[in-house]
Amino acid sequence: ATTASPGAVATAAPSAKAVATPGTAVTPAGKPPTVGAPGIGDPDFPFDGNGGYDVRHYTLKLSYDPATRRLAGSAIVKAKAVQDLDAFNLDLRGLRVDRVTVDGTPAGFRREGDELVIQPAARIAKGARFTVQVDYGGEPQPIREDASLGVYGFIATTDGSFVTNEPNGAKTWFPSNDHPADKATFTFEITVPDGVTAIANGELVAERKAGDGKKTFVWRERHPMATYLATMMTGKFEVRTGTTGKGIPIYTAVDPAFRGSLGYLYEETKRLTDHWTTVFGPYPFSSTGGVIDNFTAGYALEVQTKPVYGGFVPRTGTIAHELAHQWFGNSVTIARWRDLWLNEGFATYAEWLWSEHRGEATTDQIFRQYYTQASDQIWRHPPAVARPNNLFHASVYKRGAMTLHVLRRTIGDEKFFRLIREWTGANRHGNVTTEQFIRLAEEISGKRLQELFDAWLYQPGRPAQVP
Ligand code: ARG
Ligand code: ZN
């Protein structure tokens, strides 16, 4: 469900180009048809997500056969209308849709690019809760965006699937409101051949025989989650579970090729999850963990409750980074992609904090090194305006982290760490913008910080003033 984020997502409707036309939908006599927008209102990603409703819960009942690469099943989406709806969209890329129902009644539907346009038999009234079921299947294809994002979405591997959606790859495997501004809880019921393990977000609540040489894994994520953090990792895995010192359940898994690193992944995940609770505030979810698959993605993703490492054994700094995202990004979630530095700047700064905590390079040393040696790329490109074709630019990470360090030196450690805990506490499971962070920093420090943030986040060029 969407958390109100002033001015961010509710306004700025995208171009009306692909707006669903209501066609033959039955509309109350005399009232013009009213349709949900094909985008949620992110100015940089105009067709990501959709308008007109808030998703509350996704139930994904899916079977996947690694041998045929076929995914099939149903997505059951519970939502609440925020306007009258004669038609509305879900995001879905590829795959074949067989049937759509709304509150149990068959609905009309058609495909327009990556939009699934749905026409319920009767208008859904503003404020009403409704349930959409989409029966679908096919061979999911990941998105290949060579310029900067690489390959993401549902990726078939030799023994299963490697699934990392950031930024908008959820639509490659389930119909969704595919934008972080609409978070929802999830249930996964994933059926795979015997001998294959299915891993998703949250906790494993059941494992049962499905007949026909198959098994169903039921996972539940009971805290709100952005679609880009959903996963279904399937394949052969070695698993180790337990509880952290602070009592947080932990689930780690590695592809057999990484067998020797399962103990390391488990121990590092355990101690870093606990460590971050002492710095960032209470852990926001019901479990922690991590998965190493042997698909070489070239990156890791902070999948909610279980970061995924694509084909490599992560450095302890990388585990620190992905687990920091559980607070910054996963619990406190951006309302629009241009604010991505709120995820990556914090997670990168967490790596610096971890280095300092372990008695290695201090945050001051790491800052100075970047300040004096960072490439021109970082100075040319301000971090708080992440662009679709360059979302994961080094500046978003490094200059984002440098901004936090400058802020810390300007307002002092006591206020800085209080600010961080306020930020994660007040916005727990919510959506945020950079403007909100600046406001809170000014409030807690009692200082005017516009100039600092302007120079570090919004202007090209290397800021001259460093504390
Ligand atoms: N958020 C990830 C991290 O910094 C990076 C994800 C990269 N995604 C991609 N499609 N290239 O930990
Ligand atoms: Zn990151």
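Since we're looking at a predicted model, the values are computed, not measured. As the structure lists them, so they are numbered: ligands from 1, and atoms in each ligand from 1.
- Salt bridge Lys171/Asp91: absent, no basic N to carboxylate O contact under 4.0 Å.
- Residues forming a ring pair (Phe, Tyr, Trp, His ring centres under 6.0 Å) with Phe162 (at least two apart in sequence, or on another chain): Phe295.
- Under 3.5 Å, the side chains of His325 and Glu344 contain a donor-acceptor pair of N or O atoms.
- Between Arg336 and Asp339, at least one side-chain N (NZ, or NE/NH1/NH2) sits under 4.0 Å from a carboxylate O, which counts as a salt bridge.
- Salt-bridge annotation for Glu139 and Arg70: absent, with no side-chain N of the basic residue lying under 4.0 Å from a carboxylate O of the acidic one.
- Side chain to side chain, Asn390 and Ser148 fail the donor-acceptor criterion of an N or O pair below 3.5 Å.
- Listed by chain and number, the residues in a side chain to side chain donor-acceptor pair (under 3.5 Å) with Arg358 are Glu360 (sequence neighbours excluded).
- Protein N/O/S atoms closer than 2.8 Å to the Zn ion (ligand 2), listed by chain and residue number, are His321 NE2, His325 NE2, Glu344 OE1.
- Summarising the local packing, CZ of Arg96 is surrounded by 12 or fewer heavy atoms from other residues, nucleotides or ligands at distances under 6.0 Å.
- For ligand 1, the 4.0 Å heavy-atom shell takes in Leu149, Tyr152, Glu166, Tyr299, Ala300, Leu301, Glu302, His321, Glu322, His325, Glu344, Phe392, Tyr397, ordered by chain and residue number.
- Arg338 and Asp42 are not joined by a salt bridge, as no carboxylate oxygen comes within less than 4.0 angstrom of a charged side-chain nitrogen.
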